[in-house]
Protein chains: 2
Amino acid sequence: MNESGSPTLEQVAALAGVSRATVSRVVNGSPKVLPDTVAAVEQAILQLGYVPNRAARALVTRRTDSIAIVVPEPDSRVFSDPFFAGMLSGVSRTLAPTSSQLVLLIEPAPEPTEADDQRLLRYLRGGHVDGAIVISHHGRDNVLQELAQLPLPIVFSARPLGVDVPVASVDVDNVAGARTGVEHLLSIGRRKVATVAGPLDMTAGLDRLTGYQEVMKEAGLPAMIAYGDFTADGGEQATLRLLDEHPDLDGLFVASDLMATAALRVLSQHDRRVPADVAVVGFDDSVLATTTTPKLTTVRQPVEQLGARLAEILLAKIAGADLRSPEIYDTELIIRDSA
Amino acid sequence: MNESGSPTLEQVAALAGVSRATVSRVVNGSPKVLPDTVAAVEQAILQLGYVPNRAARALVTRRTDSIAIVVPEPDSRVFSDPFFAGMLSGVSRTLAPTSSQLVLLIEPAPEPTEADDQRLLRYLRGGHVDGAIVISHHGRDNVLQELAQLPLPIVFSARPLGVDVPVASVDVDNVAGARTGVEHLLSIGRRKVATVAGPLDMTAGLDRLTGYQEVMKEAGLPAMIAYGDFTADGGEQATLRLLDEHPDLDGLFVASDLMATAALRVLSQHDRRVPADVAVVGFDDSVLATTTTPKLTTVRQPVEQLGARLAEILLAKIAGADLRSPEIYDTELIIRDSA
DNA sequence: TTGTACGCGTTATCAT
DNA sequence: ATGATAACGCGTACAA
């Protein structure tokens, strides 16, 4: 033991009667060590409870064995989002076999300043991590652009809006997903189909609206749109507006499950039976979808899989691969009771 | 620049015409440096875009400037929990002024093995972090006990069940919180008050049940209990059982908002009006509470504040304070429409 | 106030 | 197959 606790390579070497270099080889699984030596060293390691000093290793290898999860948004809602939870789970599962650690980087202040942004960027530039996964929902200022241009392996959880350089990203096909949802509404005979869209500075908001618009246009039906902000309140207000402007609507495609729960409540309060009077389709298939009355028909995203791919791609980039294009996954319509 | 990118202290020194030591002093804000020297060094730092190498620094200072968030549970639900999101936000906000980084440690596998646990413990023992915040809900095996005995500053997000050594922890007074909720039900005239409790291997489950039992006993009323597992499904099953065994119940205290949403649905399906026939009180005041019909009366936890305290306590312990006792915060009854 | 010199624990190069 | 030995970038006694 050195005075502050952990035994070092040196001490293991002494105990095993070999040199530091040999111990290092054993620790790192070099093939060119005699079995006997390996055994002796492993015995010593066990006996001393040796664990490699990451800092020392990082200093010489110039690798940190840690990767960042960057959430360049003040919005703690990102975390409450089951979407995020699932992705994190996928990421962590993929990273487990590697020795890489996950480092969490989030904007601390409710209103992040330019200084906060710079702190973030400096950290990433500072070589503290081998790569970064960016979970961003809004196309906030130019932070995304700066992130994209960092000399660091990086991958985005969604096509970052406002970024004009090619970047690796993983996402679902939001346009196609929305199409599935809206087409389902048409297929069950609805013709007056409105949408509660998300904000247009988010990929998810933008693309899901596009999907809705495409289908409606193809069917020769008029689009009826109200914008929410992916919160329950926003969904409530938007639904109220729709009901006010189009009291006869018989179908509703809501761009997120959370907003859809609000929509269901508003519809019920205004004496619309779901799905009899108004059929409702959400998006996400989050835990919320099964807690509503009636249970929500919704478009599912394969969140864990997205997280896993995010991690895989990043690992590949760290290993040297030059990946700079989006990867798009399919959604699946989950039919329950609301449509 | 060295060949792999970042400039070093050495290069800054050369440019500024001083020694490495002086640059180091400036970087670390030593008071005994001439203003002129400081200016020159800062100029050089800016010009080179110098950023200290964390690994090198950690190697000599034996501090890592990073702290771990440990989630010793396979359950990704922990992350979807708005409770967790809020706490994380509080933690991160408190840690922002320090230069500490958050490192996320989670059990990767759905069924964590003994090996997974050991990996976790080894990492923490390995001196990779200065301290750890443990977010645990279940009293899983003996992991918590082992965590508690680690020679590392550590603080728990809730009184860890099954741990027999004194540990620092931050939590709300779940007993008192539950009491508030149940007392409210009694105060509005309900007498046949049942509870959907959480699992007893979780502090939250155990204590909230205790609160319910205390109040009922004091009022001389019989306890009616069904157990859920803090999921919507569990809440649904439990409510069904209660309704089956006690069809005349007129009040319901549900140990979590998520379970409460399920309870509301079941009640509605069984033609009980809320709150007219059955008044319902939840626990958490999560985002769910305002998405239900009727909106949920519930017991609020000050989550951000809890997170902030968690971080403050840990920082104090890292600085040498010997804190080994629980810190308990108050809850607040939020009255909405369900009771 | 500033500089010199050493050590932190590891990996990598070069001998042997 | 193994062992010396030199980096890696930084902080800090100690000396000046």
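Numbered from 1 within each chain, the chains take letters A, B, ... in sequence-line order.
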**Student:** Yes or no on side-chain contact (heavy atoms from CB on, under 4.5 Å) for A:L88 and A:L102, after CA distance, side-chain angles and deciding distance?
**Tutor:** CA-CA 10 Å; A:L88 197 55; A:L102 272 182; 4.3 Å; yes
**Student:** Report yes if some heavy atom in the side chain of B:L144 is under 4.5 Å from a heavy atom in the side chain of B:L161; otherwise report no.
**Tutor:**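 Of all side-chain heavy-atom pairs linking B:L161 with B:L144, none is under 4.5 Å.
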**Student:** With sequence neighbours left out, write down each residue that passes side chain to side chain contact (heavy atoms under 4.5 Å, CB included) with B:A16, or none if nothing qualifies.
**Tutor:**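 B:A16 satisfies side chain to side chain contact (heavy atoms under 4.5 Å, CB included) with B:V18, B:V41, B:A44 only.
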**Student:** Round to the nearest Å and state the distance from A:Y50 atom OH to C:dT10 atom C1'.
**Tutor:**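 Rounded to the whole Å, the gap is 7 Å.
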**Student:** Please state how far atom CG in B:L9 lies from atom P in C:dC6, giving the value in whole angstrom units.
**Tutor:**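 It is 18 Å, rounded to the nearest whole Å.
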**Student:** Locate the shortest heavy-atom distance separating B:Y329 from B:P302; write the atom from each residue and the value.
**Tutor:**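 The answer is CB-CG, 4.4 Å.
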**Student:** When the distance from CG of A:D65 to P of C:dG9 is rounded to whole Å, what number comes out?
**Tutor:**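 Those two atoms, CG and P, are 19 Å apart.
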**Student:** Is there a donor-acceptor contact under 3.5 Å from the side chain of B:Q11 to the main chain of B:T8?
**Tutor:**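 Between the backbone of B:T8 and the side chain of B:Q11 there is a qualifying donor-acceptor contact (under 3.5 Å).
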**Student:** Between C:dG9 and A:T8, is there an OP1 or OP2 to side-chain N/O distance shorter than 4.0 Å?
**Tutor:**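 False: A:T8 side-chain N/O out of range (4.0 Å or more) of C:dG9 OP1/OP2.
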**Student:** Calculate the interatomic distance between A:I45 atom CD1 and C:dG9 atom C1'; express it in whole Å.
**Tutor:**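 For the pair A:I45 CD1 and C:dG9 C1', the rounded distance is 14 Å.
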**Student:** Report yes if at least one side-chain N or O of A:T61 is closer than 4.0 Å to OP1 or OP2 of C:dT11; otherwise report no.
**Tutor:**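 For C:dT11, neither OP1 nor OP2 has a side-chain N or O of A:T61 closer than 4.0 Å.
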**Student:** The side chain of B:N53 lies closest to which of these nucleotides: D:dC10, C:dG3, D:dG3?
**Tutor:**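 Looking only at side-chain atoms, B:N53 lies closest to D:dC10.
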**Student:** Checking contacts here: which listed nucleotide (D:dT12, C:dT10, D:dC8) is nearest the side-chain heavy atoms of A:L59?
**Tutor:**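 Of D:dT12, C:dT10, D:dC8, D:dC8 is nearest to the side chain of A:L59.
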**Student:** Under 4.0 Å, counting only non-hydrogen atoms across every strand here, what does A:V18 touch: a base, just sugar-phosphate, or nothing?
**Tutor:**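 Sugar-phosphate, no base atom in range.
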**Student:** Between D:dT2, C:dT10, D:dG3, which nucleotide gets closest to the side-chain atoms of A:L34?
**Tutor:**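 Among D:dT2, C:dT10, D:dG3, the one nearest the side chain of A:L34 is D:dT2.
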**Student:** Measure the angle between the two terminal helix axes of the helix from C:dT1-D:dA16 to C:dT16-D:dA1, five base pairs each, and quote it to 10°.
**Tutor:**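 End axes: 30° apart.
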**Student:** Heavy-atom nearest nucleotide on DNA chain D for B:N28 versus A:G17: which residue maps closer to 5'?
**Tutor:**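 The residue mapped nearer the 5' terminus is A:G17.
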**Student:** Does A:D130 have any side chain to side chain contact (heavy atoms under 4.5 Å, CB included) partners at least two apart in sequence or in another chain, and if so, which?
**Tutor:**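 Partners of A:D130 under the side chain to side chain contact (heavy atoms under 4.5 Å, CB included) test: A:R63, A:T64, A:D65, A:I318.
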**Student:** Is A:T22 close enough to D:dT2 that one of its side-chain N or O atoms is under 4.0 Å from OP1 or OP2 there?
**Tutor:**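 A:T22 to D:dT2 OP1/OP2: no side-chain N or O under 4.0 Å.
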**Student:** Is a donor-acceptor contact shorter than 3.5 angstrom present between the side chain of B:R20 and the base of D:dG11?
**Tutor:**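 Such a pair is found, so the answer is yes.
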**Student:** Check the distance between C:dT10's C1' and A:R54's CZ and give it to me in whole angstrom.
**Tutor:**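 So the CZ-C1' distance, A:R54 to C:dT10, works out to 13 Å.
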**Student:** Write down the distance between CD (A:Q11) and C1' (C:dG9), rounded to a whole number of angstrom.
**Tutor:**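 In whole Å, C:dG9 C1' and A:Q11 CD are 10 Å from each other.
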**Student:** Between B:A56 and B:V38, which is nearer to the 5' end of DNA chain C once each is assigned its nearest nucleotide?
**Tutor:**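 First, find each residue's nearest nucleotide; the 5'-ward one identifies B:V38.
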**Student:** Please report the shortest heavy-atom distance between A:A168 and A:I154, naming the atom on each side.
**Tutor:**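 Where A:A168 meets A:I154 most closely, the heavy atoms are CB-O, 4.1 Å.
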**Student:** Not counting sequence neighbours, which residues clear side chain to side chain contact (heavy atoms under 4.5 Å, CB included) with A:Q101? List them please.
**Tutor:**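 Per chain and number, A:Q101 pairs via side chain to side chain contact (heavy atoms under 4.5 Å, CB included) with A:R54, A:S66, B:V103, B:L105, B:Y123.
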**Student:** Could you name each residue pair satisfying salt bridge (Lys or Arg N to Asp or Glu O under 4.0 Å) that touches residues 156-166 of chain B, not counting sequence neighbours?
**Tutor:**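 Passing the test, one end in residues 156-166 of chain B: B:R159-B:D207.
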**Student:** With the side chain of B:R62 defined as its heavy atoms from C-beta on, choose the nearest nucleotide among C:dT2, D:dC10, C:dC8.
**Tutor:**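 Nearest nucleotide to the side chain: C:dC8.
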**Student:** Can you pull every protein N or O that's under 3.5 Å from an N or O on nucleotides 14-16 of chain D?
**Tutor:**
none

**Student:** For a quick check of understanding: with a heavy-atom distance under 4.0 Å over all strands, which category does B:V60 fall into, base, sugar-phosphate or nothing?
**Tutor:**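 Answer is base: heavy atoms of B:V60 come under 4.0 Å of a base.
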**Student:** Is a side-chain donor or acceptor of A:R324 paired with a backbone partner of A:P166 at a separation under 3.5 angstrom?
**Tutor:**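 Flag set: sc A:R324 to bb A:P166 pair under 3.5 Å.
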